[in-house]
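In what follows, chains are A, B, ... by sequence order, proteins preceding strands, each numbered from 1.
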Protein chains: 2
Amino acid sequence: MEYTYDHPRPALTVDIVIFTLRENRLQALLIQRKDDPFRGMWALPGGFVHMDESLEDAALREMEEETGLKEAYLEQLYTYGAPERDPRGRVVTVAYFALIPADAPFRREGGSDAAQAQWCTVSELPPLAFDHTEIAAYALRRLRYKLEYSAVGFELLPDEFTLTELQYTYEIILGEKLDKRNFRRRILEANIIEPTPQRRTGEGRPARLYRYQPDAVAEVKARRLFP
Amino acid sequence: MEYTYDHPRPALTVDIVIFTLRENRLQALLIQRKDDPFRGMWALPGGFVHMDESLEDAALREMEEETGLKEAYLEQLYTYGAPERDPRGRVVTVAYFALIPADAPFRREGGSDAAQAQWCTVSELPPLAFDHTEIAAYALRRLRYKLEYSAVGFELLPDEFTLTELQYTYEIILGEKLDKRNFRRRILEANIIEPTPQRRTGEGRPARLYRYQPDAVAEVKARRLFP
DNA sequence: TGAATTGGTGTATAGTTGACACGAGATCAA
DNA sequence: TTGATCTCGTGTCAACTATACACCAATTCA
């Protein structure tokens with residue numbers, strides 16, 4: 001089947017920087033390219049936008065194809081459209097970033113196109129195809145920035161978590177130690193999490209479990225304020 | 001001439017929210033549509049992305065066609081791609097916002113397509129075509145937010161300005177009165193403007209003229225000026 | 001020359017942020 | 001069963017930041 005237009009049109013894709021916490025590191029999912037250009041190189045997961053789906057739906061579909069996960073925190077990052085960014089022709093891509101919880105049932109064996117997928121610590125990313133290095137760097141910058149003024153860190157944790165786990169999450173992403181008492185004060189005063197009756201037992205004194213308040217999610221999402 | 005592809009492609013456009021200060025109001029440029037759909041309705045200036053130009057170049061080109069201005073502060077806002085946002089078919093648009101100085105030589109008589117163009121106070125926008133109301137609202141939100149943490153306000157003023165004019169600019173955009181002494185202290189301590197030897201004379205005591213330090217723009221971008 | 005107009009300056013108070021140490025509640029091993 | 005070990009959970013004080021607030025200065029104009 002062929003499609004004909006009066007004027008030339010760029011191809012439109014979405015690319016997604018999928019973050020998760022694994023092995024006490026912030027990691028991103030990469031796909032090894034099996035075709036030229038950049039064959040064998042690592043790249044961000046992504047693909048073409050279908051005609052009947054929104055950009056966000058396209059990003060979710062691609063994410064599901066690669067990870068098996070249907071839900072995640074997803075936020076539009078930026079749209080990259082330099083004329084020469086893809087050697088095959090004009091391709092404009094809308095970049096997204098996604099956060100998936102540490103305990104999500106990630107399906108490791110690669111996506112629909114059977115390309116190899118692998119988690120990679122964000123501070124040690126290999127060179128990426130196209131302008132994906134730039135996209136990944138921007139995603140990390142946005143995530144860090146966002147963490148400072150919103151509750152987005154919860155999206156990387158299971159439904160219930162201890163304050164210490166939450167603090168570790170922040171420290172891993174921000175790359176710096178935080179003061180325990182000040183951290184707890186700030187988080188609790190922000191009213192974005194609530195205590196549950198449960199405690200998590202293990203080595204040492206049991207820790208109270210918290211969950212984030214579902215209303216807070218919408219609020220975080222509404223603050224898509226930064227370029 | 002016709003262009004044929006194996007898979008259907010959305011059309012790709014840019015739309016621009018062009019802000020300026022006029023008559024002590026923050027205004028945006030609107031174009032009256034001369035064709036269906038939404039014939040006669042107001043809309044944001046915009047148009048198709050050419051194959052050999054970046055998205056930003058497309059936005060600048062459209063801006064020049066409508067205003068005659070080639071340079072402005074321009075920032076990508078968000079990409080809108082709901083499947084039904086344009087009744088003619090799938091059209092994805094990359095939205096930008098631009099700031100042009102109050103004294104810029106704006107060419108009033110409409111752009112290349114001879115459509116009628118008009119400045120409109122942002123708090124009194126008419127209903128707009130497509131999803132342009134949403135886009136304009138988001139642009140205003142981003143501008144206000146941005147003003148609080150960056151030097152972007154200067155982009156709406158001539159090269160040289162008084163502190164009172166700068167304060168008015170902030171007040172107009174933020175929609176609230178600011179304290180004169182606190183405002184001056186913050187702006188001056190931020191080291192983003194420098195005094196010139198000139199003064200502006202008029203009614204009352206002459207005011208010192210300032211200009212913004214070109215280097216400062218990038219540096220200050222990360223800093224937060226207003227809480 | 002003085003009335004009117006706008007420009008330019010400092011201080012005191014409240015609120016926010018950041019640094020900092022120790023007892024509590026559990027497990028585990030002797 | 002006891003104490004050694006581990007992690008959890010809590011409050012205060014000092015430094016900094018933000019905010020509220022009023023008057024004299026320099027000029028124009030009548």
Asks: Treating A:Gln167 as the side-chain partner and A:Leu178 as the backbone partner, does any N or O pair qualify as donor plus acceptor under 3.5 Å?
Replies: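 Confirmed, A:Gln167 side chain pairs with A:Leu178 backbone.
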Asks: A:Arg184 side chain N/O closer than 4.0 Å to the phosphate oxygens (OP1, OP2) of D:dG9?
Replies: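 So the side chain of A:Arg184 is within the cut-off, an N or O lying under 4.0 Å from OP1 or OP2 of D:dG9.
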Asks: Report all side-chain donor-acceptor pairs from residues 197-204 of chain A shorter than 3.5 Å, counting only partners two or more places apart or in another chain.
Replies:
residue  : atom : partner  : partner atom : Å
A:Gln198 : OE1  : A:Thr196 : OG1          : 3.4
A:Arg200 : NH1  : A:Glu165 : OE1          : 3.1
A:Arg200 : NH1  : A:Glu165 : OE2          : 2.2

Asks: Would you mind reading off the distance between B:Asp179 atom CG and D:dA18 atom C1', rounded to a whole angstrom?
Replies: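 After rounding, the reported distance stands at 11 Å.
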Asks: Flag the pair A:Asp131 and A:Arg85 as a salt bridge only when some basic side-chain nitrogen lies within less than 4.0 angstrom of an acidic carboxylate oxygen.
Replies: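 Looking at A:Arg85 together with A:Asp131, the answer is yes, because their closest N to O distance falls below 4.0 Å.
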Asks: Ring pair (Phe, Tyr, Trp, His ring centres under 6.0 Å) with B:Phe161: which of B:Tyr168, B:Phe154, B:Tyr210?
Replies: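 The single option meeting the ring pair (Phe, Tyr, Trp, His ring centres under 6.0 Å) with B:Phe161 is B:Phe154.
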Asks: From CG of A:Leu188 over to P of D:dG11, roughly how many Å is that when rounded to an integer?
Replies: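 My rounded result for the distance is 12 Å.
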Asks: Using a strict threshold of under 4.0 Å (side-chain N to carboxylate O), is an ion pair present between B:Glu124 and B:Arg25?
Replies: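 Judged by the 4.0 Å cut-off on N to carboxylate O distance, B:Arg25 and B:Glu124 do not form a salt bridge.
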Asks: For DNA chain C, which nucleotides open and close the run of contacts to chain B, 5' to 3', at under 4.0 angstrom from a non-hydrogen atom?
Replies: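 The footprint of chain B covers C:dT5 to C:dT11.
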Asks: Short of 4.0 Å, heavy atom to strand atom, which residues of residues 160-171 of chain A count as contacting DNA chain C?
Replies: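 Of all residues in residues 160-171 of chain A, none places a heavy atom under 4.0 Å from DNA chain C.
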Asks: Considering the options B:Arg33, B:Gln116, B:His132, which one meets the side-chain contact (heavy atoms from CB on, under 4.5 Å) requirement together with B:Trp42?
Replies: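 With B:Trp42 as partner, B:Arg33, B:Gln116, B:His132 yield a single side-chain contact (heavy atoms from CB on, under 4.5 Å), made by B:Gln116.
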Asks: Nearest 0.5 Å please: distance from the CG atom of B:Leu156 over to the CZ atom of B:Arg22.
Replies: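 If I round to the nearest 0.5 Å, the distance is 13.0 Å.
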Asks: For A:Asp57, what residues pass the side-chain hydrogen bond (donor to acceptor under 3.5 Å, both in side chains) criterion, not counting sequence neighbours?
Replies: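 If we apply the side-chain hydrogen bond (donor to acceptor under 3.5 Å, both in side chains) test to A:Asp57, skipping adjacent residues, the hits are A:Ser54.
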Asks: If every non-hydrogen atom of A:Ile192 is compared with every non-hydrogen atom of A:Ile187, which pair is closest and at what distance?
Replies: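 It is CG1-O, 4.1 Å.
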Asks: Over how many whole Å does the gap from B:Arg186 atom CZ to D:dT17 atom C1' extend?
Replies: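 The distance from CZ of B:Arg186 to C1' of D:dT17 comes to 10 Å, rounded to the nearest Å.
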Asks: Separation of A:Arg181 atom CZ from D:dC13 atom C1', in whole Å?
Replies: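 A:Arg181 atom CZ is separated from D:dC13 atom C1' by 12 Å.
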Asks: Within this structure, what is the NZ-to-C1' distance between B:Lys180 and D:dC24, rounded to whole angstrom?
Replies: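 Whole-Å distance recorded here is 11 Å.
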Asks: When you compare the side chains of B:Thr20 and B:Gln27, does any donor N or O come within less than 3.5 Å of an acceptor on the partner?
Replies: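 Not at all, the side chains of B:Thr20 and B:Gln27 share no donor-acceptor pair under 3.5 Å.
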Asks: How close or far is atom C1' of D:dC21 from atom CG of B:Asn182, stated in whole angstroms?
Replies: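 Checked: the CG to C1' distance equals 9 Å.
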Asks: Give me the residues of residues 195-211 of chain A where at least one heavy atom lies under 4.0 Å from an atom of DNA chain D, by number, or none.
Replies: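 Those residues are A:Glu203, A:Gly204, A:Arg205, A:Pro206, A:Ala207, A:Arg208.
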Asks: Please enumerate all residues that pass side-chain hydrogen bond (donor to acceptor under 3.5 Å, both in side chains) together with B:Asp179, with sequence neighbours excluded.
Replies: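 With sequence neighbours excluded, B:Asp179 shows a side-chain hydrogen bond (donor to acceptor under 3.5 Å, both in side chains) to B:Asn182, given in chain and number order.
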